[in-house]
Amino acid sequence: VQLQAFGGGLVQAGDSLRLSCSVSGLTFDTYNVGWFRQAPGKERELAAAISWGGSSLYYVDSVKGRFTISRDSAKNTVMLQMNSLKPEDTAVYFCAAKGRSSWLLTLQSFRNLQSDYWGQGTKLTVSS
């Protein structure tokens with residue numbers, strides 16, 4: 001199983017950027033996927049999540065209205081569209097997948113930083 005996050009970079013405040021998480025080695029449509037982030041000196045947090053079918057979404061309050069999570073089953077990819085970026089969005093972003101679990105249990109697991117599979121991170125820096 002492999003989850004590969006990419007798309008990070010250096011942007012200015014107010015810019016937009018899209019991260020992608022490419023998933024392989026598992027049945028993509030049976031896994032809930034989350035995007036996590038870890039800012040310098042801070043704990044990792046769940047930023048957004050999407051259910052296996054795409055009907056249930058979660059966003060941490062700090063990104064609501066600015067970030068949009070989506071998934072493309074044809075490409076086995078989960079995207080995170082980030083608009084109106086702020087310096088406080090600077091972090092390493094990780095994706096993770098959890099299967100065989102209800103949405104509520106998945107969210108509980110994700111909030112406890114627990115998942116079946118993790119990908120390596122991609123770094124986003126937002127300059128002011």
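- In terms of modelled atom types and a separation under 3.5 Å, the side chain of Thr90 and the main chain of Thr125 share no donor-acceptor contact.
- Between the side chains of Asp72 and Thr77, no donor-acceptor pair of N or O atoms lies under 3.5 Å.
- Atom OG of Ser62 and atom CD of Glu45 lie 5.0 Å apart (nearest 0.5 Å).
- Across every non-hydrogen atom of Asp29 and Ser73, the tightest pair is OD1-OG, 2.7 Å.
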Would Phe110 and Tyr58 satisfy ring pair (Phe, Tyr, Trp, His ring centres under 6.0 Å), going step by step from the backbone distance to the final call?
CA-CA 11 Å; Phe110 280 171; Tyr58 167 86; 9.1 Å; no
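- Of the inter-residue distances, the one linking Ser115 atom OG with Lys98 atom NZ reads 6.5 Å to the nearest 0.5 angstrom.
- At a threshold of 4.5 Å between non-hydrogen side-chain atoms, the residues Trp118 and Leu3 do not count as touching.
- Without hydrogens or angle criteria, Gln108 side chain to Asn112 main chain gives no donor-acceptor distance under 3.5 Å.
- Salt bridge status for Lys86 with Asp89: absent, with no side-chain N to carboxylate O gap under 4.0 Å.
- The backbone N or O of Thr30 lies less than 3.5 Å from no partner atom in the side chain of Arg100, so there is not a single donor-acceptor pair.
- Here the OG-CZ distance, from Ser20 to Arg18, works out to 5.0 Å after rounding to the nearest 0.5 Å.
- Under the 4.5 Å side-chain criterion, counting only non-hydrogen atoms from C-beta, Asp116 is in contact with Tyr31.
- Figure legend: cation-pi geometry between Arg37 and Phe94 absent, as NZ or CZ is not positioned both under 6.0 Å from the six-membered ring centre and within 45° of its axis.
- Leu57 contributes atom CG, which lies 9.0 Å from atom OG of Ser70 (distance to the nearest 0.5 angstrom).
- For Leu17 against Gly7, the heavy-atom pair with the smallest separation is CD2-O, 3.3 Å.
- Between Phe36 and Tyr93, the closest side-chain pair of non-hydrogen atoms is not below 4.5 Å.
- Between the side chain of Thr122 and the backbone N or O of Phe6 there is no donor-acceptor pair closer than 3.5 Å.
- Under a cutoff of 6.0 Å and an axis angle of 45°, Arg66 and Tyr59 do not form a cation-pi pair.
- Arg71 and Asn32 make their closest contact through NH1-CA, 4.3 Å (heavy atoms, listed as atom of the first residue, atom of the second, distance).
- Counting all heavy atoms, side chain and backbone alike, Trp103 lies closest to Ile50 at CZ3-C, 3.5 Å.
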